Engineer: 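One structure follows; several queries about it will come next.
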Number of protein chains: 2
Amino acid sequence: MRQNHETVKRSRGRPQKRCDADTLHLIVEAADREFQSKGYAGTSIMTVAQRAGVSTKTLYKLVATKAELFERTIQDRIGRFLLDVVDDVSDDLDPRAALEHILFAFGVLTLSPETIAITRLVISECERFPEVARAFYQSAIVPVNGIIEAWLTTQKDKGLLRFDDVHITSGLLRGMMIMEPQRTAMMAQRGAPHRDEIALRARQCADVFYNGCKA
Amino acid sequence: MRQNHETVKRSRGRPQKRCDADTLHLIVEAADREFQSKGYAGTSIMTVAQRAGVSTKTLYKLVATKAELFERTIQDRIGRFLLDVVDDVSDDLDPRAALEHILFAFGVLTLSPETIAITRLVISECERFPEVARAFYQSAIVPVNGIIEAWLTTQKDKGLLRFDDVHITSGLLRGMMIMEPQRTAMMAQRGAPHRDEIALRARQCADVFYNGCKA
DNA sequence: CTATTTGGAAAATAGCAATTTTCTAAATGA
DNA sequence: TCATTTAGAAAATTGCTATTTTCCAAATAG
């Protein structure tokens with residue numbers, strides 16, 4: 001851990017129990033939970049402060065407004081987003097199996113309760129926070145799509161798959177994999193799917209798509 | 001006190017300039033526009049009343065609460081939504097062409113700015129108004145899905161298509177067709193697609209799916 | 001004209017939640 | 001001890017908006 005070098009010479013009064021960064025972290029974490037379960041309008045600053053174990057005064061010393069707090073929490077999540085979608089797409093798998101593998105990873109990432117919650121938040125608040133929506137789209141969605149598009153392009157170049165436009169085709173594939181469960185969950189008509197449901201879906205999806213596009 | 005909408009015998013005082021139903025219609029129409037552009041929280045009852053050309057008093061005489069007004073607007077839209085579901089799935093087309101035809105109609109319906117707006121609204125408010133979300137899901141989404149599932153089942157029975165579960169397969173197909181443009185538009189990262197874009201997508205989609213599932 | 005009913009305009013009420021401020025109790029170096 | 005700084009708790013302030021109420025002009029049957 002890094003200590004605060006600043007404290008070589010301690011100032012006069014009562015010392016902070018935590019450095020500002022740590023306190024901010026607690027606040028953002030609490031806010032994240034609240035925004036995720038209650039939405040923007042439904043979340044009260046007082047509740048966030050209580051959950052974080054700080055007073056509203058302290059909170060406002062570190063975060064100027066509720067809007068800023070919201071933006072910070074989303075940014076925070078975006079940062080953790082593009083984890084390992086396809087680190088291990090070994091080329092020794094046959095294309096159909098590799099596709100299923102990729103779709104499964106993609107499904108696990110995008111159909112997790114957290115991702116579904118943040119997606120709903122972004123959709124709900126994109127009018128109020130266009131920059132946040134933009135950031136989410138550019139930093140979370142686009143790169144993940146990029147990975148899938150790259151794989152598709154590789155297969156096409158190898159002469160294993162046949163299709164017109166990579167971008168559109170990738171959109172078809174991703175929609176096939178996640179739309180139905182994601183939308184249903186976002187409308188709270190069902191919970192997020194379990195791993196085995198995702199696996200099943202990945203298989204069916206890979207079957208249809210591979211059959212539909214194989215050269 | 002009690003109104004007789006027949007007005008066979010006019011009561012004593014000043015007559016209504018419109019019957020309640022008409023006034024209500026004006027109100028719901030105005031509310032629809034407001035909710036669609038400002039969302040639930042962003043819509044003020046006063047503004048709705050002004051747009052409808054009535055006073056808040058009149059509004060509250062016909063609609064008890066803001067929540068009720070919201071439900072009415074959604075119900076109203078659901079009504080129009082289902083009217084649009086024209087099931088002119090002609091059987092004289094070959095299956096691939098018929099599929100493209102269906103997907104195009106489905107796309108035009110679900111990718112219209114209005115449908116996208118209402119979908120976003122439902123996603124945004126489904127925590128606060130679970131009944132509305134359920135109504136939308138049951139009255140709008142399920143029936144439309146039903147039409148596609150019915151067609152798929154017919155083709156399977158004819159031995160023209162091959163797949164496991166109709167429900168899942170229909171979900172794959174619908175997701176393929178609309179997710180990408182719908183989600184992008186809901187996040188305000190792009191406008192609703194035009195007819196020709198929808199047509200193009202329907203073609204690509206039909207190609208992949210038909211190839212992928214033909215017997 | 002008069003009694004009676006319909007709304008419109010605007011003010012009043014109410015409640016909630018973001019943001020500020022006050023008061024007070026720690027801590028701690030000098 | 002004292003000066004100084006950190007925070008928490010709670011109260012105050014502010015502003016917004018849903019919902020009610022008041023007051024009044026319009027319309028019309030009798």
Side-chain angles (χ1 to χ4, degrees), chain A residues 4 6-27 30-31 34-35 37-73 125 128-129, chain B residues 1-28 30-31 34-35 37-73 125 127-129:
Chain A
N4 37 355
E6 313 297 330
T7 328
V8 174
K9 181 171 193 172
R10 181 178 268 160
S11 60
R12 217 141 159 245
R14 169 179 175 170
Q16 295 186 307
K17 54 166 50 170
R18 285 180 245 92
C19 66
D20 285 356
D22 287 354
T23 304
L24 185 57
H25 188 248
L26 286 178
I27 293 170
E34 286 295 296
F35 282 135
S37 56
K38 307 280 182 57
Y40 184 80
T43 293
S44 132
I45 287 284
M46 237 182 62
T47 310
V48 172
Q50 282 174 345
R51 289 222 176 207
V54 303
S55 65
T56 63
K57 186 189 173 191
T58 305
L59 188 152
Y60 274 103
K61 204 181 55 184
L62 297 173
V63 183
T65 64
K66 186 183 183 182
E68 185 190 319
L69 182 56
F70 181 73
E71 293 183 17
R72 273 181 198 272
T73 62
E125 306 300 336
R128 211 190 312 233
F129 302 98
Chain B
M1 287 287 180
R2 188 145 312 178
Q3 292 295 330
N4 42 352
H5 44 289
E6 297 298 319
T7 326
V8 173
K9 184 173 197 168
R10 181 179 269 163
S11 59
R12 201 115 178 274
R14 170 179 176 171
Q16 294 185 309
K17 55 168 49 169
R18 284 179 246 91
C19 67
D20 286 355
D22 288 352
T23 305
L24 185 57
H25 188 249
L26 287 177
I27 293 170
V28 169
E34 285 296 294
F35 282 136
S37 56
K38 307 280 182 56
Y40 184 80
T43 292
S44 132
I45 287 283
M46 235 182 64
T47 309
V48 171
Q50 282 174 345
R51 289 222 176 206
V54 303
S55 65
T56 62
K57 184 189 173 191
T58 304
L59 188 152
Y60 275 104
K61 206 181 55 184
L62 297 173
V63 183
T65 65
K66 187 182 183 181
E68 186 190 319
L69 181 57
F70 182 71
E71 288 189 30
R72 276 181 196 274
T73 63
E125 306 300 340
E127 295 291 333
R128 216 191 304 238
F129 302 102

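Chain A is the first sequence line, chain B the second, and so forth, proteins listed ahead of strands; every chain is numbered from 1. This is a predicted model, so every value here is computed, not measured.
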Engineer: Could you tell me, to 10°, how much the axis swings from one end of the helix from C/dC1-D/dG30 to C/dA30-D/dT1 to the other, five pairs per end?
Structural biologist: 20°

Engineer: Tell me the interatomic distance from B/Asp20, atom CG, to C/dG7, atom C1', rounded to whole angstroms.
Structural biologist: 11 Å

Engineer: Please list all pairs meeting salt bridge (Lys or Arg N to Asp or Glu O under 4.0 Å) that have one or both residues in residues 59-72 of chain A, counting only residues at least two apart or in different chains.
Structural biologist: A/Glu68-A/Arg72

Engineer: Could you tell me how far apart A/Gln16 (CD) and D/dG8 (P) are, to the nearest whole angstrom?
Structural biologist: 11 Å

Engineer: Hey, could you give me the OG/CD distance between A/Ser55 and A/Gln50, rounded to the nearest 0.5 Å?
Structural biologist: 11.0 Å

Engineer: What is the ring orientation for B/Phe129 with B/Tyr40, classed by angle as parallel under 30°, tilted 30 to 60°, or perpendicular over 60°?
Structural biologist: perpendicular

Engineer: Enumerate the salt bridge (Lys or Arg N to Asp or Glu O under 4.0 Å) contacts for residues 47-59 of chain A, please, sequence neighbours excluded, ordered by first and then second residue.
Structural biologist: A/Glu34-A/Arg51

Engineer: May I have the list of side-chain donor-acceptor pairs in residues 20-27 of chain A shorter than 3.5 Å, sequence neighbours left out?
Structural biologist:
unit_1: A/Asp20; atom_1: OD1; unit_2: A/Gln16; atom_2: NE2; d: 2.8
unit_1: A/Thr23; atom_1: OG1; unit_2: A/Arg18; atom_2: NH1; d: 2.8
unit_1: A/Thr23; atom_1: OG1; unit_2: A/Cys19; atom_2: O; d: 3.4

Engineer: Return the value, rounded to whole Å, for the distance between atom CG of B/Leu59 and atom P of C/dA9.
Structural biologist: 13 Å

Engineer: Enter the distance from B/Leu69:CG to B/Ile45:CD1 here, rounded to the nearest 0.5 Å.
Structural biologist: 5.5 Å

Engineer: My understanding is that only residues two or more places apart in sequence, or in another chain, count here; which of them pass ring-ring contact (aromatic ring centres under 6.0 Å, His included) with A/Tyr60?
Structural biologist: none

Engineer: What is the separation between atom CD1 on B/Ile27 and atom C1' on C/dG7, rounded to the nearest whole Å?
Structural biologist: 12 Å

Engineer: Which atom names give the shortest non-hydrogen contact between B/Ala41 and B/Glu125, and what distance separates them?
Structural biologist: N-OE2, 4.4 Å

Engineer: Could you check how far CG of B/Leu26 sits from C1' of C/dG7, rounded to whole Å?
Structural biologist: 14 Å

Engineer: Take nucleotides 14-26 of chain D nucleotide by nucleotide from the 5' end and write B, S or -, depending on whether a protein heavy atom sits under 4.0 Å from the base, only from the sugar-phosphate, or from neither.
Structural biologist: ----SBBBBB-BB

Engineer: Between atom CD in A/Gln50 and atom P in D/dA9, what is the gap in whole Å?
Structural biologist: 9 Å

